[in-house]
Each structure stands twice: as C-alpha cells, then as structure tokens.
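Just below is one structure, and these are the notes that go with it.
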Amino acid sequence: MLNVNVNQQSDFNAPYASVMHAKNHLYAIESIDYFFALQLTPVLVKRFDKAKPLSNENIAEIFHLHVALSQALRSGHTCLPLNQVASRFLFRFADKQGVITHQGYHFSSITVLTELLTHCDNLASGELPIVLSKENLYLRRYYCFERQVIEYLHSVNQQQTELSANKIKLIENMLAQLFVENHQGAQTLNKIDWQEIAVANALTKHFSIIAGGPGTGKTYTVTKLLAALVMLAEQNPLKIALTAPTGKAAQRLSESINKALSGFSESISAEILAKIPTKAQTLHRLLGVIPNSPNFKHHQQNKLNVDVLLIDEVSMVDLPMMARVIRALPDNCRVILLGDAQQLPSVAAGSLLSDLAPISSAVYSKENADYLMQVTGNKGLSSHKTQFIDHVTYLTYSRRFSSEGGIGQLAAQVIKGQAALSWQLIHQKIDEKPAELVSCSYENIQSIFQQAVEYYRQVMRSESVEQAFKVLADFRILTAMRVGPLGVDDINETIDERLRTEVSSQQLSGALYQGKPIMITTNDYTLGLYNGDIGIVWPNEVGQLVVFFENEEGGFSQFIPSRLPAFDSVYAMTIHKTQGSEFTNVVMVLPERAENQLLSRELVYTGITRAKTHLTLVTNKESWFNAIEAKVTRFSGIKLID
C-alpha cells in the first residue's frame with residue numbers, strides 16, 4: 001500500500017510499544033493499520049510548525065487518525081471524513097456482560113482535529129503521502145484518483161452536443177424508427193418509456209449512465225443507443241469499444257448485444273447493425289496489461305483509439321481502475337456506463353456507480369427535460385432548478401421479475417430495507433407463496449448439500465464440455481463469506497468429498513476429476529486468465545484431463561492443470577464473486593451468526609438478483625433482520641448532489 005521509507009525520529013514516541021500492544025487496546029484493527037500509522041505519523045510530525053511544538057497527546061491523535069484511515073481504506077472507503085471520528089470513541093469494545101475488553105481511543109472535536117492538521121506544513125501539497133481536503137483525510141494516491149474523476153466529470157459537463165432545430169428533428173425521427181411502437185399512436189397517458197428517454201438523453205452527452213436492476217433492459221437499450229450513434233455519425237465510422245470489469249461480465253455483454261441485434265433486423269438496416277461490434281473485452285485488456293507492472297500500455301501519453309467506450313457492470317469497477325480509464329480517454333470520446341447502483345460496490349476502494357448515480361429516479365434540469373419530452377413525446381419528466389443530474393437515466397421496469405413473483409418482490413423489499421415484510425414473504429405458506437422462492441433452515445442444510453451433489457453430478461455426466469458449461473451455469477450456491485462455517489471453503493470441501501467418492505481411480509488426477517468446476521484466484525496475464533475466471537476439468541481429444549475455459553471468441557481454451565495459476569473449487573461462490581453473473585437456480589446461504597459484519601442489504605440484494613427463476617434462502621430471522629437493516633455506506637469526495 002505504501003512506498004515511503006521513513007527512519008523513525010528519535011523524538012517520536014508511538015502510543016503503543018508493539019502491534020500486539022495496539023491490538024489489545026484497539027478493537028478490530030489489523031497489523032497493517034498499526035504499521036501504516038507507525039510509518040506515516042513521524043512523516044507528518046516532522047512537518048509541523050516548529051513554533052507550535054506538538055504534545056504527546058497531539059502525536060497520539062495523529063497516530064490514531066492514521067489507524068482509522070487505514071481501516072477505512074481496507075473497508076473500501078476512499079477517504080476518512082473527520083466528522084466520522086470527531087468527538088467519538090473508536091476501536092472500543094465491551095462484551096455481552098458489559099466488560100470493556102478494548103479501551104479504544106476518544107478523538108477530539110472536529111474543530112480541534114481540523115486545527116491540528118492544518119498546522120502541518122504542506123499537507124495540501126504534493127509532498128506528503130496524506131492529504132486533508134474539505135475535512136476528509138486521504139492517502140494521496142486515492143485523493144489523486146478522485147480528483148481525476150471529478151475533473152473529468154466537470155470537463156465533460158461543458159461538452160454538450162450543439163442542438164440545432166435540424167439536429168433535434170433528426171433525433172426525433174431516428175427515435176421514432178428505433179421505438180416505433182411508442183410513436184404509432186398517442187403515448188399512454190403518464191407512462192414514460194425510460195428506455196427511449198435513456199437513448200435520447202445519452203445522444204447529447206459525452207458522459208452518460210444507464211442504471212437499472214436485473215431485467216430492466218440496460219443492454220437492449222444501449223444497443224439501440226449504439227445504433228443511433230452509428231446513424232448520427234453518417235459516413236464517419238465510429239470506433240466502438242465494449243468492455244466490462246471481468247471476463248465473465250464481458251462474455252455476458254457480448255451475448256446480450258448479439259441477442260439484442262438479432263431482434264432489430266426489421267427496424268434497423270443491416271448496414272447499421274453491421275457497424276455495431278459484438279465482442280466485448282475486459283478493461284484490463286482494453287488498457288493493455290504490462291506483465292508484472294501496475295501500469296497499462298494506454299495512459300495519458302498513449303491514449304486509446306476509440307470514439308465510444310461502453311462499460312458494463314460499473315458497480316464492480318473500483319476508483320483506481322476508473323481513474324486509469326479516464327487517463328487513457330482521447331478527446332471527445334463518448335463514455336457510456338451501465339450498471340445497477342443498488343448492488344454491492346467494488347471489492348476494492350470506491351463506490352463509483354452509487355456516487356455518480358446517487359438518487360433512485362431521474363431528475364433533470366428544465367432544459368434537458370424539455371429536450372427529452374420534445375424528441376420522445378413522453379410527458380411529465382421531473383425537473384429541478386438545482387437538484388438535478390442530467391447524465392443519468394434509470395430503467396425501472398423489470399422484464400425478468402414480475403411484480404407478483406417472489407424474487408422480484410423480495411429484491412424490491414430488501415433494497416428498501418423492509419426487513420419485516422421481506423421476512424414475511426419468505427415464510428408465507430407454501431400454497432400461497434410464489435414457487436420461485438423457498439426457505440430452508442440451518443437444520444436442513446444437509447438436504448441443500450445433497451441437492452447440490454445431485455445437480456453437479458449432471459455436470460460430470462455431460463456429453464461434452466459445451467454441455468457441461470451450460471449445465472454448470474444453471475445452478476450455484478452463494479455465501480456471504482469465504483472462510484468459517486457455511487463459508488465457500490467449507491461448502492466446496494463438503495460437496496467435493498461427496499462427488500469424489502463417485503469417481504474411479506482411473507478418472508482422478510490428483511484432486512481433479514472430470515466435471516469439476518474451478519475458479520482462478522490470481523491473475524496470470526501471460527496465460528490470459530484472471531481472478532474470477534471459471535473453468536471445468538474435462539478430458540481433451542487424447543483423454544488427458546485438462547481445464548477448459550470459455551474465451552472471448554466464443555470458443556474454449558484449454559490448459560494443463562500444472563500451468564494454471566492458483567485456483568479453487570467453485571461449487572459455491574461468495575456473493576461478491578457472482579456480480580456480473582446469473583443462474584437459473586440459486587441457493588443463498590447467509591451466516592448463522594447475526595452479528596457477522598459482512599451482512600448488508602446490498603449483499604442480500606445482489607445475491608437475490610443472481611437468480612433468474614428459483615431462489616432458496618438458508619437463514620434465520622435474526623441474521624436476516626440484521627442484514628436488511630444494515631446499509632453499505634462508503635465515504636467518498638465525489639458528491640454530485642449535496
């Protein structure tokens with residue numbers, strides 16, 4: 001994380017003699033938090049005004065601010081707002097009997113903290129690894145990433161497309177062609193077609209977001225948007241790049257674009273459709289990976305050669321990656337983001353999609369709303385003089401989940417924080433409950449394991465590797481955590497042991513056997529295999545067990561197991577790892593301990609919406625209520641609406 005070489009000053013006395021001493025006083029800190037503070041505190045102390053010497057109490061405050069900042073970064077925040085620690089006890093813990101086991105640390109008021117830090121010389125300059133900006137404390141690299149995103153957004157807001165009367169008429173006619181069903185008769189009273197609004201809105205923006213939950217038609221809509229952009233480009237062919245954060249998400253984007261295009265043959269000319277690309281790639285591949293380096297081939301000095309950049313599943317994109325994409329954008333490149341802002345944020349730092357689309361329904365400036373209503377014929381769009389975000393359109397109608405279906409109802413209730421209603425829905429009587437939603441107690445977990453064994457047995461007995469991948473995509477067990485009881489490792493080991501007993505010694509190769517699914521857990525840029533890629537062990541043409549992976553060309557790549565980077569079984573996956581995927585049948589197992597810190601409504605919502613037709617939930621009331629009442633909040637300096 002850090003690259004600062006510091007010789008501890010002889011006059012710097014750390015508040016704790018060792019990392020164990022710190023852990024005994026500060027609850028839930030990690031070793032990295034202690035060493036982060038130990039390394040950086042002397043750097044700041046050295047830069048304080050010599051005319052105002054620091055007391056030991058001042059130094060202890062700075063040390064604990066660094067501990068809190070490190071903990072915030074580990075939790076996915078990009079900064080530490082001082083108001084989150086000011087006048088509070090942090091790292092304090094008492095057991096159920098009320099006995100304080102960790103004393104913690106009590107921070108001073110916001111006024112004292114701000115005054116203390118502003119006495120540090122050059123804290124706002126580029127010389128120190130820590131930055132204080134608008135009462136937010138940053139590690140400098142994250143401050144720089146944030147500033148790049150904010151400055152980009154400010155610049156593109158000044159690049160509105162000129163809208164002459166002829167241009168508006170052209171857009172209006174084009175939308176009538178693309179959404180012919182909306183223009184054949186009078187618009188349904190007060191019914192807004194948000195897909196058409198999304199296309200019309202993005203046509204005049206150099207940066208736009210189309211947000212919506214599963215089944216709301218994000219990819220269908222953006223395919224029409226790409227067709228419209230191609231039409232507007234006339235004789236100038238556009239260089240369009242389709243991307244996603246992971247290989248699986250890129251593959252799904254390719255499949256969705258292809259499916260959408262096949263349905264447009266009657267409304268859009270073959271010449272236009274032929275100019276829309278169908279092959280998506282990962283952001284890493286777009287930027288150009290340099291082996292054994294954190295940098296990419298494309299950057300501010302070597303821009304991408306692209307006119308339109310589409311990024312799907314943006315909720316999975318972290319702040320550093322987005323900043324690196326922005327650095328590599330050529331002038332006048334149009335950027336379109338797709339995603340579900342309600343899902344879990346990225347595993348790494350930042351919550352970009354929820355920062356960039358911070359409200360749940362579209363509110364436009366009056367000028368933008370007037371334009372959208374004119375070209376689409378839709379009426380009644382909301383507008384506001386100051387509280388608006390013109391670059392975002394929200395798709396609200398789900399074609400995957402009906403309003404009466406259990407999965408759709410449950411997802412809506414969960415994301416609204418309706419713990420009691422959602423619990424009631426899960427436990428309706430069987431004859432009253434939609435068949436797609438089933439509950440299971442922890443006492444019956446063995447029946448879930450047996451169901452999984454029976455299902456994965458079908459993968460092993462598939463007639464071909466192609467069929468095995470199709471069968472595998474229909475079922476998955478999802479959990480909140482990787483380790484511990486009912487974690488991914490525990491469930492994978494249980495299922496793996498049961499399946500191995502059915503395999504003859506001739507079909508085994510170490511821990512591998514035909515039909516075993518695996519997931520890559522580290523990136524290997526040389527092989528083109530990345531963390532999260534899923535493969536299946538299968539015999540090749542000479543009967544040797546190898547591992548097949550679906551590739552971006554729509555075929556399969558095969559590798560000898562000994563060449564692979566680190567991998568695990570993948571009968572069960574963490575919910576985080578399933579973002580960008582969907583399965584016909586999902587079993588979601590939540591931690592039995594209600595106080596598990598991983599539980600949140602975003603986690604549960606993400607897991608629920610991975611299921612297309614059937615969802616089995618394994619949980620108890622206490623854990624469920626704890627999860628739905630907990631909301632993920634990530635601190636960030638990106639604020640589009642104050």
Side-chain angles (χ1 to χ4, degrees), residues 1-5 32 73 76 78 126 129 139-149 151-152 239-251 253-254 277 279-331 333 335 337 346-350 352 519-535 547 549-553 555 557-560 562-567 576-577 579-580:
M1 180 180 289
L2 289 174
N3 226 346
V4 182
N5 293 318
I32 184 64
L73 294 175
T78 59
L139 187 62
R140 177 163 295 280
R141 66 191 298 258
Y142 289 106
Y143 175 76
C144 293
F145 289 144
E146 250 191 28
R147 291 310 310 169
Q148 287 167 351
V149 172
E151 289 167 9
Y152 166 75
K239 301 181 185 70
I240 302 172
L242 309 178
T243 66
T246 67
K248 186 64 177 177
Q251 180 188 346
L253 176 60
S254 298
K279 180 183 173 184
Q281 59 185 316
T282 62
L283 287 171
H284 285 81
R285 178 164 289 190
L286 172 78
L287 293 176
V289 170
I290 301 174
N292 304 315
S293 170
N295 300 315
F296 293 96
K297 295 175 183 176
H298 291 288
H299 43 72
Q300 52 267 56
Q301 277 79 46
N302 182 29
K303 304 280 190 175
L304 293 163
N305 183 21
V306 61
D307 301 310
V308 179
L309 175 61
L310 169 64
I311 308 177
D312 195 12
E313 296 291 352
V314 181
S315 62
M316 301 168 65
V317 179
D318 57 51
L319 175 66
M321 175 56 77
M322 183 58 74
R324 290 182 171 102
V325 170
I326 287 171
R327 291 175 192 168
L329 291 176
D331 294 339
C333 177
V335 177
L337 307 184
S346 61
V347 175
L352 271 168
M519 176 186 285
I520 299 299
T521 57
T522 59
N523 295 330
D524 189 317
Y525 299 113
T526 304
L527 294 180
L529 293 174
Y530 304 100
N531 186 1
D533 285 352
I534 291 177
V547 184
F549 293 87
E550 295 173 302
N551 57 39
E552 294 182 357
E553 286 71 38
S557 302
Q558 54 178 285
F559 299 88
I560 298 171
S562 60
R563 291 191 62 203
L564 294 177
F567 61 84
H576 258 112
K577 286 285 189 181
Q579 287 182 269

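By convention here, the first residue in the shown sequence is residue 1. Side-chain atoms are counted along with the backbone in the values below, which use heavy atoms only and exclude waters and symmetry mates. Keep in mind that what you see is a predicted model, and the values were worked out from it rather than measured.
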Shortest non-hydrogen contact from Leu564 to Phe549?
CD2-CE1, 3.9 Å
List for me each residue that meets ring-ring contact (aromatic ring centres under 6.0 Å, His included) alongside Phe567, sequence neighbours excluded, and say none if there are none.
none
Let me confirm one number: the NZ-CE distance from Lys577 to Met519, rounded to the nearest 0.5 Å.
6.0 Å
With a 3.5 Å cut-off and sequence neighbours excluded, list the donor-acceptor pairs that the side chains of residues 302-310 form with protein atoms.
residue, atom, partner, partner atom, Å
Asn302, ND2, Lys297, O, 2.8
Lys303, NZ, Arg327, O, 3.1
Lys303, NZ, Leu329, O, 3.3
Asp307, OD2, Lys239, N, 2.8

Can you list every side chain to side chain donor-acceptor pair (under 3.5 Å) pair that touches residues 314-325, not counting sequence neighbours?
none
Counterpart residues, ring-ring contact (aromatic ring centres under 6.0 Å, His included), relative to His298 (two or more places apart):
none
List the atom of Pro320, the atom of Ala349, and the distance in Å for their closest heavy-atom pair.
CD-O, 4.0 Å
Note: Ala250 and Ala244 closest approach over all heavy atoms is N-CB, 3.5 Å
Write down the atom of Thr78, the atom of Tyr142, and the distance for their closest heavy-atom approach.
O-CB, 3.7 Å
Sorted by chain and residue number, the salt bridge (charged side-chain N to carboxylate O under 4.0 Å, His left out) partners of Arg563 (sequence neighbours excluded) come out as none
State the OG1-CG distance between Thr522 and Asp533, to the nearest 0.5 angstrom.
10.5 Å
Ignoring hydrogens and angles, tell me if any N or O in the side chain of Thr521 forms a donor-acceptor pair with the backbone of Ala566 under 3.5 Å.
yes
Could you tell me which residues satisfy side chain to side chain donor-acceptor pair (under 3.5 Å) with Glu313, sequence neighbours excluded, listed by chain and number?
none
Heavy-atom closest pair, residues Leu242 and Pro277
CD1-O, 3.3 Å
Shortest non-hydrogen contact from Val317 to Leu352?
O-CD1, 3.9 Å
Show the numbers, then the answer: is there a side-chain contact (heavy atoms from CB on, under 4.5 Å) between Phe296 and Ile290?
CA-CA 6 Å; Phe296 293 96; Ile290 301 174; 5.6 Å; no
Distance-only, no hydrogens or angles: does the Thr243 side chain make a donor-acceptor pair with backbone N or O of Leu283 under 3.5 Å?
no
Distance, nearest 0.5 Å, that separates CD1 of Ile520 from CG of Leu527
8.5 Å
Hey, are the side chains of Met322 and Phe145 touching, using non-hydrogen atoms and a 4.5 Å cut-off?
no
